[in-house]
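Before any comments, here is the structure.
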Amino acid sequence: MDARALAERLMTYDTSKPDELNAAAAFVKGWLESRDVRVAHRDHHGLPVITAEAGPADGPLVIFHGHLDVVPAHDHQFTPRVEGDRLIGRGAYDMKGALAAMMLATGDAARQDAVRVLFVCVPDEESEDVEDRSTDRIIADGLRGDFAITGEPTDLHIGVQAKGVLAIRCEVGGRAAHGSTPWQGDNAILKAHDAYRRIETLPFARQSSDMFDRPSINLARIEGGDAFNKVPDRCWIDVDIRFLPTQDPGRSSPRSARSPISRSSSASRALPRW
């Protein structure tokens, strides 16, 4: 099986869903076992983590690391298609194409005796829980290697740094009024959007580093209002900030901060409630 065929097979699983994740992990496990690779399975919060070893037991250890999960998509996006020299569909780029390549490389490694290879396939890289992911747990349990490769897309360049993740939820209060007299209320949705614009203007957003032009700030989700004919008095937004390796996510709170409402990938941080 070549890399394209294997990637296409992996892409047919909607691994944004737990049942499909388990089915895809079972396929990965069976595929590797059929090539005489030693495979182990463990659970992390009910999701499958697959590890596989190939090569000699005492050689230098190279770790291949990849994730099986994807972000949600429409049903038709899980039917891969080829246009020219491009494979298109959910997960082709991030990162079932790389996962297929690593599976093939692990199978090849079983036929050599110079290097020990450990393939780690995790189910929760796209999880919204940025503080308790299976990769962190495996490392905390003692995983170490001489060299590691993770298959995240880098346009075929070598990436040696990554941005950090800071997840913020801003809860915004307003004042309710009838929809026919909105000037008598205080629209929480409009205020939430203004809060997002204020985050975009914080000093950290204009900084750069050797490898990144700027941090990224994404308004990922918004929810507010409970009736069509009412000025909304409550709203919340989720903001996904990817900060630079040189930045401290705890140093960018506006002066108006009043209470902690969010967490980051490294520790709980006090950030503003608007």
Side chains of Trp31 and Leu10: does their closest heavy-atom pair fall under 4.5 Å?
->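 Side chain of Trp31 against side chain of Leu10, heavy atoms only: no contact under 4.5 Å found.
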So do Gln161 and Asp210 actually touch side chain to side chain, heavy atoms under 4.5 Å?
->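 In short, these two side chains do not touch, never coming nearer than 4.5 Å.
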Residue list, salt bridge (charged side-chain N to carboxylate O under 4.0 Å, His left out) with Glu223, at least two apart or on another chain |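 With sequence neighbours excluded, Glu223 shows a salt bridge (charged side-chain N to carboxylate O under 4.0 Å, His left out) to no residue whatsoever.
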Salt bridge (charged side-chain N to carboxylate O under 4.0 Å, His left out) with Asp43: which residues, sequence neighbours excluded?
->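 Asp43: no salt bridge (charged side-chain N to carboxylate O under 4.0 Å, His left out) contacts found.
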Separation of [Y] [atom2] from [X] [atom1] (nearest 0.5 Å):
{"X": "Asn218", "Y": "Asp240", "atom1": "CG", "atom2": "CG", "result": "5.5 Å"}
{"X": "Ile222", "Y": "Cys170", "atom1": "CD1", "atom2": "SG", "result": "10.5 Å"}
{"X": "Asn187", "Y": "Lys230", "atom1": "CG", "atom2": "NZ", "result": "11.5 Å"}

Could you tell me whether a side-chain N or O of Arg9 sits under 3.5 Å from a main-chain N or O of Arg4, the two making a donor and an acceptor?
->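 No.
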Asn22 (side chain) donor-acceptor with Pro18 (main chain) under 3.5 angstrom |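 Indeed, once roles are kept as given, a pair shorter than 3.5 Å links the two residues.
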Phe228: hydrophobic cluster co-members (side-chain, 4.5 Å) |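 For Phe228, no cluster forms, as it stays isolated from other hydrophobic side chains.
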Side-chain hydrophobic cluster, 4.5 Å single linkage: members besides Val82 =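 Met11, Leu87, all in the cluster of Val82.
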Would you call Asp233 and Arg175 a salt bridge, taking side-chain N to carboxylate O under 4.0 Å as the test?
->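 Salt bridge: no.
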For Tyr13 and Leu68, run side-chain contact (heavy atoms from CB on, under 4.5 Å): C-alpha distance rounded to whole Å, both residues' side-chain angles, the deciding distance at 0.1 Å, then the answer.
-> CA-CA 9 Å; Tyr13 295 97; Leu68 197 54; over 6 Å; no
Indicate, with yes or no, if [Y] and [X] share a hydrophobic cluster defined by side-chain heavy-atom contacts under 4.5 Å among Ile, Leu, Val, Met, Phe, Trp and Tyr.
{"X": "Val231", "Y": "Trp183", "result": "no"}
{"X": "Leu47", "Y": "Val39", "result": "yes"}
{"X": "Val120", "Y": "Leu61", "result": "yes"}
{"X": "Leu118", "Y": "Val122", "result": "yes"}
{"X": "Leu6", "Y": "Met102", "result": "yes"}

Taking only residues two or more places apart in sequence or in another chain, which ones pass side-chain contact (heavy atoms from CB on, under 4.5 Å) with Lys163?
->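 Applying side-chain contact (heavy atoms from CB on, under 4.5 Å) to Lys163 gives Phe212, Ser216, Arg242.
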The single option from Thr135, Ile149, Leu143 passing side-chain contact (heavy atoms from CB on, under 4.5 Å) against His65 |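 Of the listed options, the one satisfying the test is Thr135.
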Just say parallel, tilted or perpendicular for the rings of His74 and His76, cut-offs at 30° and 60°.
->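 Aromatic pair His74/His76 classed parallel.
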Are Arg234 and Trp236 in a cation-pi contact, defined as NZ or CZ under 6.0 Å from the six-membered ring centre and within 45° of the axis?
->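 Not satisfied by the 6.0 Å and 45° rule.
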In terms of side-chain heavy atoms, does His45 have a donor or acceptor partner in Asp124 at a distance below 3.5 Å?
->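 Asp124 and His45 do not have a side-chain donor-acceptor pair below 3.5 Å.
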Please list all pairs passing the side chain to side chain donor-acceptor pair (under 3.5 Å) test where one or both residues lie in residues 88-107, with sequence neighbours left out.
->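 Every pair satisfying side chain to side chain donor-acceptor pair (under 3.5 Å) with a residue in residues 88-107: Thr15-Lys96, His67-Asp94, Tyr93-Asp155.
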